[in-house]
Every structure is written in C-alpha cells, then in structure tokens.
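Working notes, beginning with the structure itself.
When reading the values below, keep in mind they use all heavy atoms of this one structure, side chains included, and skip hydrogens, waters and symmetry mates. The shown structure was predicted, so the numbers you read here are calculated from the model rather than taken from an experiment.
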Amino acid sequence: MVFLKTDEEVELLRKSNDLLGMTYGELAKVIAPGVTTAQLDKIAHDFICDHGGVPACLGYEGYPATLCTSVNEQVVHGIPSKDVVLKEGDIISVDSCINLNGYISDSAYTFPVGEVSADVLKLLKTTKECLYLGIEQAVTGKRLGDLGYAIQSHAEQAGYSVCREYVGHGIGREMHEDPEVCNYGRRGNGIILKSGMTLAIEPMILMGRRNVLIEDDGWTARTCDRKPAAHYELSVCVRNGKADILSTFDYIQQVLGDRFI
C-alpha cells in the first residue's frame with residue numbers, strides 16, 4: 001500500500017533528513033586515508049543520538065551498525081569495521097537512516113578518499129547525475145518506469161551498468177514502504193506518481209558488469225568483477241511540476257568546498 005503524506009508529515013520527514021545531512025557533514029570532515037569505517041560509524045552514532053535521533057539501521061533485521069559503509073567494489077550494505085582502513089584513491093559509499101520523531105530519513109553519498117582516478121571520478125559524477133535525472137521524473141502524472149528509464153539510460157549511455165538487485169523505495173514512518181523504485185525501466189510503465197508520495201531514490205551504478213554477490217557476512221553486496229560501484233540517494237516528495245527534495249548534500253558541500261562532486 002502506498003501512503004500519501006500530509007504537508008505536516010512531509011515537514012517531519014524533512015527535519016529527519018536534515019539531521020542525516022548534518023551527520024554526513026560531520027563524516028565529510030574526517031573521511032581520509034587512515035580512518036577506519038568503524039570510526040566513521042561511532043561518529044555518526046554519537047552525533048545522531050546527541051541530536052535527538054535514533055539510528056534506524058542499527059538493529060534493523062539484525063544489521064549491526066549505524067552506517068552502511070561500502071568501499072570500492074562494494075555496492076551497498078557494507079558493515080563498518082576497525083579492520084577496514086581507508087586508503088588514498090578509495091571511494092566509500094555511506095548510507096544510513098535516522099528515526100526522528102517517528103519519521104525515517106534515508107540518503108547516501110559516495111565520498112572519494114583523497115585523490116581518485118579519472119575513471120572513478122567519472123563514475124561518481126555520472127551516478128550523481130543519474131540521481132537528479134531520476135528526481136526530475138518524480139512529479140505528479142509520471143510513472144515509475146519513467147523514473148527508472150531516466151536513470152538506466154543515462155548510466156548505460158556512459159558505458160556503465162545498473163544494479164538491479166537493490167532498488168529505491170517509499171519512505172515515511174517505515175524505512176521501506178511501497179512502492180519499490182527501480183533504477184531501470186520502460187517509459188510509460190509502472191504506477192502513476194501522485195502528489196504526496198515520498199520516495200527514496202538511490203541509483204547504484206557499476207563500472208563493470210551488473211552482476212553482484214553477497215559476501216560471507218550476509219549483508220555486503222559487491223560486484224562480481226570487483227570493479228567499482230557508486231551510490232547516491234535522496235528522499236523526495238512527489239509534487240506537481242517539480243519534486244520536493246527532502247534530503248540534502250549541502251552540509252557535505254560546506255565541508256568539502258571545491259572537492260565536492
């Protein structure tokens with residue numbers, strides 16, 4: 001069942017997403033060679049709790065951390081660890097959710113660690129472009145297939161693949177609500193989008209083939225060919241004419257400045 005949100009609910013979602021954006025801004029200050037993903041997780045956990053939020057990923061279906069930290073060929077759901085030390089030239093996707101006053105925020109950002117290669121930088125930029133092209137389709141009267149097509153066509157024109165095993169979703173009082181928001185599709189297909197639908201749009205784009213597997217921890221998805229993957233996500237509300245973006249990368253941009261992708 002798809003739940004349409006009231007204006008009051010949308011503003012509560014925006015506040016939750018703002019706190020998540022602030023959390024990512026704190027992480028942007030410290031992501032660098034030599035930092036472990038466990039250190040990032042502790043920073044995020046403490047910041048969220050200190051600001052009245054609840055880390056929504058922690059304990060979700062048994063997930064053991066506040067953040068998902070996916071490095072290089074890891075696509076999504078990488079578990080933070082003291083044994084994972086970031087290196088110059090890595091990329092790390094950070095994905096998390098916060099429960100603030102009963103409403104769940106969700107967004108993701110792929111950070112370069114130091115200087116990354118030109119081909120990896122292109123992957124990051126293209127994936128982020130895919131996100132905003134998808135958001136452009138999140139307007140009243142469009143269909144979910146229009147959104148997926150916009151993401152898929154842009155990624156494939158650049159020579160990349162789209163991960164199909166993991167998709168976006170509705171967002172609200174629950175972390176995962178209907179509908180599923182695929183990053184691939186056909187124009188004119190799928191349910192019609194209505195004002196008040198709130199969606200987490202999250203293209204996961206792979207430099208190589210689209211095949212992925214789950215690592216032995218039961219959570220971490222990585223590319224089968226071990227080529228890099230990128231992941232960007234924002235939560236939005238469908239509106240007439242233009243989507244209302246509820247999440248923000250602004251706090252990341254304030255920290256990174258000219259290094260912001």
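A donor and an acceptor atom, one from each side chain of Ser105 and Ser16, are located under 3.5 Å apart. His176 and Tyr60 are linked by a side-chain donor-acceptor pair at a separation below 3.5 angstrom, with hydrogens and angles left out of the test. With 3.5 Å as the limit, one finds no donor-acceptor pair spanning the side chains of Thr36 and Lys82.
At least one donor-acceptor pair closer than 3.5 Å links the side chain of Thr37 to the backbone N or O of Ser81. For the pair Asp225 (side chain) and Arg209 (backbone), a donor-acceptor distance under 3.5 Å is present.
Salt bridge Glu136/Lys142: absent, no basic N to carboxylate O contact under 4.0 Å.
Tyr166 has its ring centre less than 6.0 Å from the ring centre of His77.
More than 12 heavy atoms of other residues, nucleotides or ligands lie within 6.0 Å of CD in Gln39, so this atom counts as buried by the packing criterion.
Every residue meeting the side chain to side chain donor-acceptor pair (under 3.5 Å) condition with Lys42, not counting sequence neighbours, appears here in chain and number order: Asp46. Judged as a side chain to side chain donor-acceptor pair (under 3.5 Å), and not counting sequence neighbours, the contacts of His169 are Asp106, Glu202. Residues that satisfy the salt bridge (Lys or Arg N to Asp or Glu O under 4.0 Å) test with Glu88, not counting sequence neighbours, are absent from this structure.
A heavy-atom distance below 4.5 Å is not found between the side chains of Val162 and Leu206.
The salt bridge (charged side-chain N to carboxylate O under 4.0 Å, His left out) contacts involving residues 18-41 comprise Glu26-Lys29, where partners must be two or more places apart or lie in separate chains. Pairs of residues two or more places apart, or lying in two chains, that qualify as salt bridge (charged side-chain N to carboxylate O under 4.0 Å, His left out) and include a residue from residues 231-254 are Asp7-Arg239, Arg14-Asp244. The stretch residues 147-176 participates, sequence neighbours left out, in no salt bridge (charged side-chain N to carboxylate O under 4.0 Å, His left out) pair at all.
Just one residue in the list Phe111, Tyr109, Tyr132, Tyr24 forms a ring-ring contact (aromatic ring centres under 6.0 Å, His included) with Tyr232, and that residue is Tyr109.
Gly188 and Arg143 make their closest contact through O-CD, 3.0 Å (heavy atoms, listed as atom of the first residue, atom of the second, distance).
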